[in-house]
Amino acid sequence: MAGARLSLAFLCLVVVVASALAGGAGARKTVGEYVLRKGDFSVKITNWGATMMSVVLPDSKGNLADVVLGLDTIAEYVNDTNYFGPVTGRVAQRIARGRFVLDGKVYHTYINDGRNAIHGGHRGFSKVIWTVKEYVGGGDSPYITLYYRSFDGEQGFPGDLDAYVTYQLSSPYVLELRMNATALNKATPVNFLQHTYWNLGGQGSGDVLGHTLQLSASRYTPLDEELLPSSGVVAPVAGTPYDFRSPTPIGARIRQVMGGRIAGYDINYVIDGDGMRKVAAARDGASGRALELWANQPAMQLYTGNWLNNTKGKDGKVYQQYGGFCLETQGYVDAVNHPEFPSMTVRPGQVYKHDMVFKFSF
């Protein structure tokens, strides 16, 4: 109870401070919840961390369920350490030792994962208030566009950056996500990802080990115990437990892999092809719900909720290990320290574009 009061107090402080800081520009930053609805398909977003709080859709019998793991209140999201549903950046995933060199200059970012940086630092894009630029909750194509100005030196990254995130219900049971960023005055690395945990049987309904998963990935980057691609190797998935080129239950070989220091998937795949293409397909046989993901990024992190352990969720649910899975399209992990990987540097005037399309069926 005391923790809840502290969380609420911290949230209020964040809102008040943000409002005060923005007041001089005639803008007011407050935190809210925004629902996009198209028939019996709905998505709830908060501008705290550009976070996806819920996705509700029917199963094969018409029963509605929320298929996204999460929390009940924004106050709980403020103190969340599991990254339930936010957009992370400026550079998502890990940066070895929180250090990189760009154009001959050494940069040190905030270290918040052992010896390394993760998801942009302790106050990355998942831990800030985004400005709601546009919001249309209903109609033919409901959408919300969020904006954040990241300042030069924030969490150690160079240059000012304008970031935009749009969630849109473009068709029945289709959710589009567009993430764009423009470097304003200095070259900077940029790598956003969307960190939603999915359970197509419904959040809190049990583990996802029986979900079938298919990935358009014939290669992956092996990661060490710190979940870094220290070898720089890109290896074939053939003959390994990482091979999901054919539909395979998530749990079929999960005990054969280690996501760092714990059993489960936490691994970066190299997606076959270029441009906007199909990345993944998942299905829950019991409910009949299926998800197809399309994206334009070179890689994707598969994470299977390995560290969930009696984790308080929403609606009275408690999440256990493997209670959800994440499909995180992205640039290569730690590409800032691996010139052999595709660059994630965005130079002044250039625009970073990361598009994802989630197609649901049942």
Side-chain angles (χ1 to χ4, degrees), residues 36 38-43 45 52 54-69 85 87 141-143 165-179 192-203 205 208-220 237 242-252 265 267-305 324-330 353-362:
L36 310 177
K38 194 174 179 68
D40 57 4
F41 180 43
S42 65
V43 176
I45 305 296
M52 187 152 60
S54 70
V55 174
V56 176
L57 72 154
D59 65 7
S60 58
K61 297 179 181 178
N63 300 311
L64 295 177
D66 181 0
V67 297
V68 164
L69 277 60
V87 169
S141 192
Y143 72 97
V165 168
T166 296
Y167 292 93
Q168 184 170 20
L169 308 188
S170 57
S171 302
Y173 310 111
V174 176
L175 168 64
E176 294 188 7
L177 172 57
R178 297 184 293 277
M179 297 176 278
F192 296 173
L193 67 76
Q194 214 292 335
H195 205 286
T196 289
Y197 292 69
W198 301 98
N199 186 325
L200 298 176
Q203 64 93 18
S205 63
V208 295
L209 299 181
H211 282 47
T212 57
L213 179 65
Q214 183 176 19
L215 301 179
S216 303
S218 56
R219 297 178 298 158
Y220 74 111
V237 299
Y242 299 106
D243 191 351
F244 283 94
R245 290 175 296 172
S246 299
T248 304
I250 290 175
Y265 291 97
I267 192 70
N268 177 60
Y269 286 90
V270 176
I271 303 304
D272 298 336
D274 297 299
M276 199 69 179
R277 72 275 195 213
K278 182 179 174 181
V279 171
R283 185 176 187 275
D284 171 48
S287 67
R289 292 190 190 93
L291 163 62
E292 193 173 280
L293 171 61
W294 290 60
N296 66 348
Q297 293 300 290
M300 188 205 78
Q301 192 90 359
L302 170 64
Y303 176 56
T304 48
F325 66 98
C326 304
L327 303 173
E328 309 163 16
T329 54
Q330 60 185 3
K353 294 184 177 182
H354 183 168
D355 298 329
M356 304 176 75
V357 178
F358 303 91
K359 301 179 181 181
F360 300 93
S361 58
F362 45 87

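The figures here come from the full heavy-atom set of this structure, side chains too, leaving out hydrogens, waters and symmetry mates.
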Novice: Decide yes or no for I271 and Q297: does some side-chain heavy atom of the first lie under 4.5 Å from some side-chain heavy atom of the second?
Specialist: no

Novice: Would you please name every residue forming a side-chain contact (heavy atoms from CB on, under 4.5 Å) with S170, sequence neighbours left out?
Specialist: V174, E176

Novice: Does a side chain donor of either T196 or Q194 reach within less than 3.5 Å of an acceptor in the other side chain?
Specialist: yes

Novice: Output the distance between atom CG (L293) and atom CH2 (W198), rounded to the nearest 0.5 Å.
Specialist: 9.0 Å

Novice: Indicate yes or no: at least one non-hydrogen side-chain atom of M300 is less than 4.5 angstrom from one of L215.
Specialist: yes

Novice: Applying side-chain contact (heavy atoms from CB on, under 4.5 Å), can you list everything that pairs with A65, at least two apart in sequence or on another chain?
Specialist: R289

Novice: With a 6.0 Å cut-off on the ring centroids, do Y265 and Y220 count as close?
Specialist: no

Novice: Side-chain donor-acceptor pairs under 3.5 Å in residues 278-285, sequence neighbours left out?
Specialist:
| unit_1 | atom_1 | unit_2 | atom_2 | d |
| --- | --- | --- | --- | --- |
| D284 | OD2 | S287 | N | 3.1 |
| D284 | OD2 | S287 | OG | 2.6 |

Novice: Can you tell if the side chain of M52 reaches within under 4.5 Å of the side chain of L175, non-hydrogen atoms only?
Specialist: yes

Novice: Just grab all the side-chain hydrogen bond (donor to acceptor under 3.5 Å, both in side chains) pairs involving residues 353-362, residues at least two apart or on different chains.
Specialist: T329-H354, Y352-H354

Novice: Do Y173 and D40 come close enough that some side-chain heavy atom pair is under 4.5 Å?
Specialist: yes

Novice: Can you check whether G275's main-chain N or O pairs, donor with acceptor, with N296's side chain at less than 3.5 Å?
Specialist: no

Novice: Please report the interatomic distance OH(Y303) to CG(N268), rounded to the nearest 0.5 Å.
Specialist: 15.5 Å

Novice: Please identify each residue that fulfils side-chain hydrogen bond (donor to acceptor under 3.5 Å, both in side chains) with N199, with sequence neighbours left out.
Specialist: S205

Novice: Within the structure provided, determine whether L327 and L213 are in side-chain contact (heavy-atom separation under 4.5 Å).
Specialist: yes

Novice: Is there a side-chain contact between R245 and S218 in this structure, where contact means two heavy atoms from C-beta onward sitting under 4.5 Å apart?
Specialist: yes

Novice: Check this for me: N63, atom CG, are more than 12 non-hydrogen atoms of other residues, nucleotides or ligands nearer than 6.0 Å?
Specialist: yes

Novice: Please tell me if the side chains of V237 and Y269 come closer than 4.5 Å, counting only heavy atoms from C-beta onward.
Specialist: yes

Novice: Could you work out, with side-chain contact (heavy atoms from CB on, under 4.5 Å) as the rule, every residue matching P298, not counting sequence neighbours?
Specialist: Y332

